[in-house]
Novice: 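My questions will all concern the structure given below.
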There are 2 protein chains.
Amino acid sequence: MTLTTRSTHACFGGTMGFYTHPSTETRTNMRFSVFAPDAARHKPLPALYFLAGLTCSEETFMIKAGAQRYAAEHELILVACDTSPRDLNIAGDSDSWDFGVGAGFYLDATQAPWANHYRMGSYINQELPELIETHFPVCHDKRGIFGHSMGGHGALVTALRHPERWHSVSAFAPIANPCAVPWGEKAFGHYLGSDRDTWQVYDASILMAQHAHPSEILIDQGLSDQFIDNQLHPAALEVAATQSGQRLNLRRHAGFDHSYWFIQTFVADHVAHHAKIMQAS
Amino acid sequence: MTLTTRSTHACFGGTMGFYTHPSTETRTNMRFSVFAPDAARHKPLPALYFLAGLTCSEETFMIKAGAQRYAAEHELILVACDTSPRDLNIAGDSDSWDFGVGAGFYLDATQAPWANHYRMGSYINQELPELIETHFPVCHDKRGIFGHSMGGHGALVTALRHPERWHSVSAFAPIANPCAVPWGEKAFGHYLGSDRDTWQVYDASILMAQHAHPSEILIDQGLSDQFIDNQLHPAALEVAATQSGQRLNLRRHAGFDHSYWFIQTFVADHVAHHAKIMQAS
């Protein structure tokens, strides 16, 4: 579990850092970023993981969301990872912006040529937390996860599949029902194959209908989001929550689109949501 | 004074917008961005202009600084402009990152081939405010200006040269004494020619030593800034302030570098500084 520090920067009394490590899951080097507030110098803090959307990297959220000041206020460590393995030059991995590089969909691929490297599901759920818990002053029993769009899908799926490992979860404009939309069908078809039954364990609405996560889930969705009707389907989560009794706070916001201008507006509420749950548990 | 809206986005209850217009000063299309908080729907607000540093654009500050929430709180309109004219293909304008495109230094060039287009001094001081005051709900008598690095130089010089037009001024890690450092010597030599006497009207330390600006000036400087000793020279401003009686609050911050991680940490103080002065005047 070696770690290379690419850069660190003072920020809001703490440290914003960018790192690389060789991943056993993806069999290549992976990048991630960590914001550790000043309080982390004195005690282990809960860690809150952010999963970004299509085309993004481990830098996007840290640069654009303005979350560091809230993490410092609430004494949480922020972790952001990349959206896929990179630099593998697998045939077809860079032909489109919604599949392959930058579009790992936070699952473990089962189909060639993706299965050997596209294992972001296990990477996020297991390998990255183990690495963070080895190298940073974080609590080993308090993990929160959130994300945007494809990363909102990833956060919901990861927490719903492994509720014992993830104590709090939220999402901005998640791909809520990927089995039923073009982004999900394309990605799942390539990564998981043509048998749609195998897709269901990566669909937040299907998972949520079966088992509720123990904590309330916060979701924000802009009503001027250009992807709401054809890719996101937030209402599917409301139906699922009714079926399983999931406590769900799905907020719709008039005028907001799919961008980080939307995320930066509501990120304070998300950090507070995770802090409240993790610090109470 | 035509204006093309490239995009608008809901953000912190207001609107983040990106615009293009044909500039009479630079004789090409110029880009800028405006954040107008909700309060701007009801009354004209003071406008606060940000000038970015080398290699940046009208997007950089708006994306990376996290200033919108503070502008919404203090009811200020934020304006950010580009750092030079672009797409002119003047020979030599893209050979280096610290001169030409992305490096207009907020002055009016007098030397060929730059003099016809590189007129960012008049653009910032006159043309852009007139455009903003025509098309946005801003007060016509309350303008603040701040900036980072090359843009900190630009903000200080613009306000010190035209104190009747700029009521409040601040800077992050400004090039405080450009006549005495490599970045300034390179830019001024090309834009203004070899007669160093002509450079002085664009040097904040020289200007400040001659005439104090009526308002207190806030400057933040990181002590781990990689450019502090060879390019920035903040102490020159302290010497100048003593000579003219300028009220100067120059704060040095251990551990902080030249990045937007530094800016986002202290931007709340800058927005509050401008709001206090402009709303009192």
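Just so it is clear, the values below take in all heavy atoms, side chains as well, and ignore hydrogens, waters and symmetry mates. Model, not experiment: these values are computed from the prediction. Numbered from 1 within each chain, the chains take letters A, B, ... in sequence-line order.
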Novice: Among all residues two or more places apart in sequence or in another chain, which pass the side-chain contact (heavy atoms from CB on, under 4.5 Å) test with B/Ala10?
Specialist: A/Phe256

Novice: Applying side-chain contact (heavy atoms from CB on, under 4.5 Å), name anything that partners A/Ala171, two or more places apart in sequence or on another chain.
Specialist: A/Leu156, A/Pro174, A/Ile219

Novice: Could you state the interatomic distance from CZ (B/Phe12) to CZ (A/Phe262), rounded to the nearest 0.5 Å?
Specialist: 12.0 Å

Novice: I'd like a table of the N/O donor-acceptor pairs between chain A and chain B - cut-off under 3.5 Å, distance only.
Specialist:
unit_1: A/His9; atom_1: ND1; unit_2: B/Asp257; atom_2: OD2; d: 2.7
unit_1: A/Phe12; atom_1: N; unit_2: B/Thr265; atom_2: OG1; d: 2.8
unit_1: A/Arg69; atom_1: NH1; unit_2: B/Tyr70; atom_2: OH; d: 2.7
unit_1: A/Tyr70; atom_1: OH; unit_2: B/Arg69; atom_2: NH1; d: 2.6
unit_1: A/Asp257; atom_1: OD2; unit_2: B/His9; atom_2: ND1; d: 2.7
unit_1: A/Thr265; atom_1: OG1; unit_2: B/Phe12; atom_2: N; d: 2.8

